[in-house]
Amino acid sequence: MAKVSCRKAICSRILELAREDPRIYAVCTDSRGSVTIGDMARELPDQFVEAGIAEQNAVAVAAGLALTGKKVFACGPACFLAARAYEQVKVDVAYNATDVKIIGVSAGVSYGPLGCTHTSLHDFASMRSLPNIEVIAPADAVQARAVADYLVSHKGPSYVRMGRGDVEAVYREDETFEMGKAKTVREGTDVTLIACGEMVWYAAQAASLLAREGVSARVLDLFFLKPADTEAILRAARETGAIVTVEEHSVNGGLGELVSRTVCEGCPVPVRVLGFPDEEYLVGKSADLFRHYGLTAEHIAAAAREVLARKAAMRS
Amino acid sequence: MDGKALKQTAYQRRLEVLEMVHRTGSGHIGGDMSCMDALVTLYYEVMDTEKMRAGAPDADRFILSKGHCAEALYTVLADRGFFPKEQLETYAQFGTKLAEHPTHGLPGVDLATGALGHGFPAACGMALGLLRDRNPAHVYTLMGDGEQAEGSVWEAVMFAAKYGLDNLTAIVDRNHLQISGTTEEVMPLGDLGARYAAFGWNVIGCSGHDYEAMRRAFLTRVPGKPTAVILDTVKGKGSPLMENKAEWHHLIPDNAQYEAIRADLLRAAEEG
């Protein structure tokens, strides 16, 4: 399957659904190109709102539209929606439980050399700590399309974060997903690799590397960070006894901490958290940054060997 | 209602606010008093509260962008039957729906507010949604003048003009005082009406204690333009003890002050 970006996948599906449902609105922040929702602006101008470079207003306007019965997608770069407009997301969307879906694109480090202003490696942490709002990070275009369908059927706040570039396909075109549940990408019994977003593909590659060494690695796609499928996490802990988490996010407050807490409280096993360290990041393209900060398939496989050794040491 | 009845109503509400603030030690009494006459005009003379209570799709909408004056709104909502008056006694108490800032889920409150510069932009979104639905409802929002320093206010000012939100009236309680002093000391607003006009708004200035002038202003519509009503108001209106004193932004009256303010408000309520 050809590589497609999650933003294109989700926005083309939103447009398809909006043709059938006039309540579906998109609000943009001079970001229709970046979001890839320009087709909707042209085809359905009465369902499109251009707020200009004013993220705070865009999110508050989205909440106001939702209060008149619209299903509103507030779209823009994740770095701005999840930081500059954070108070609007907190108050106008999350606490007020308005039917607004924040579509944060070009997240993580996917803006590459644009530098620190354009990273969003904090958004899982900030969004997860708000009430009412779901936090979703699709792994590929197939899952992103399925998420779009879900968002239209679901009433309430959601934050969806995705990268910028075309991503490798993790799933077959006809794959189905249970929303709010972890997706098992690969079964395994020795160790579990839990990832979200683009890191799911890298985790699957790592599992292939480990298989060559005779290690059976389960791969879980925790595309819903909130509500999180704690049952799947605990089942992984019980059944495989060792876990590696991988995320394109700071190690503070994201997937790794979510899994660690769940495991600590429910079934303590060795866990290794892979993500971006608590420091200023170097500038570079995603692939170079992943390599530098230890987020490649090889790094994930190495982390799996480490937790397997810890698991063995605990049992000996 | 005639002017005398409106004044009596507004001063009865002020007395209720005084009771709530004094009893609980919570609230922003200065701004409550300055915006009370505007709230009474809206809820007794301008908006169809029966429709609002029933949640009719074409009911007018109101968002209190200056959310810290929640207790003023609560007394008006209770008196207009949005919830029982007894509920005012839960104000600021554990588990209440009547927080010091409006909380969504309370009848009559569509949007929780309190962080300044939020209610107005959300009101713009509401107005746009209604306008595109060709819904005849009108959206009102009430801001403070200190709130005008929020950047998001000016994002919304541009937005409302761009989309020609002629079903939106943004009211500014221009009492010239905020928590640290005068607005001109803290962040000068100068000719605020001229600023809105420069952004393409229809602008009306009038006294925020003149019911008939406000009624006319709130019912003014200019096709293709949002309307700003800049109300000239007195912070702490109703008792000389508080009037035009910045510290009464959120001072809690002691027992002697409470008695003095109460006597002033009672006198005004009886005079009508």
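Residue numbers start from 1 in every chain, and the chains themselves are labelled A, B, ... in the order their sequence lines are given, proteins ahead of strands. All values reported here derive from a predicted model rather than from experimental measurement.
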#### Entry: Closest-packed option against chain B by number of heavy-atom pairs under 4.5 Å, given A/D46, A/V59, A/V91
A/D46

### Enclosure of B/R80 CZ (heavy-atom neighbours >12, cutoff 6.0 Å)
yes

### Message
Please report the interatomic distance CG(B/L111) to OG1(A/T98), rounded to the nearest 0.5 Å.
### Response
7.5 Å

### Task
May I ask you to check whether over 12 heavy atoms, not counting those of A/E280, lie within 6.0 Å of atom CD?
no

### Query
Which heavy-atom pair separates A/N96 from B/A112 by the least distance, and what is that distance?
OD1-N, 2.6 Å

### Message
Counting neighbours of CG on B/L219 that are heavy atoms of other residues, nucleotides or ligands and sit closer than 6.0 Å, is the number greater than 12?
### Response
yes

### Message
I need the residue from B/K162, B/R61, B/M158, B/E155 with the largest number of non-hydrogen atom pairs under 4.5 Å to chain A.
### Response
B/E155

### Query
Does CD in B/E50 sit with more than 12 non-hydrogen atoms of other residues, nucleotides or ligands closer than 6.0 Å?
no

### Query
Checking B/F120 against chain A: side chain, backbone, both or neither under 4.5 Å from a heavy atom?
neither

### Message
For B/G117 versus A/Q88, what's the shortest heavy-atom pair and its separation?
### Response
O-NE2, 4.4 Å

### Summary
One option among B/G129, B/P121, B/S152 has the most heavy-atom pairs under 4.5 Å with chain A, and it is B/P121

### Residues B/D133 and A/K70 bridged, charged N to O under 4.0 Å
yes

### Message
If you compare all heavy atoms of B/L130 against all heavy atoms of A/T68, which two are closest, and at what distance to 0.1 Å?
### Response
CG-CG2, 3.8 Å

### Query
So do A/V49 and B/R132 actually touch side chain to side chain, heavy atoms under 4.5 Å?
yes

### Donor on one side chain, acceptor on other, B/H118 and A/Q56, under 3.5 Å
no

### Query
Please walk me through it: do A/E50 and B/Y163 pass side chain to side chain contact (heavy atoms under 4.5 Å, CB included)?
CA-CA 10 Å; A/E50 176 58 80; B/Y163 282 103; 3.9 Å; yes

### Message
Which atoms of B/A156 are under 4.5 Å from chain A, going by heavy atoms: the side chain, the backbone, both sets, or neither?
### Response
both

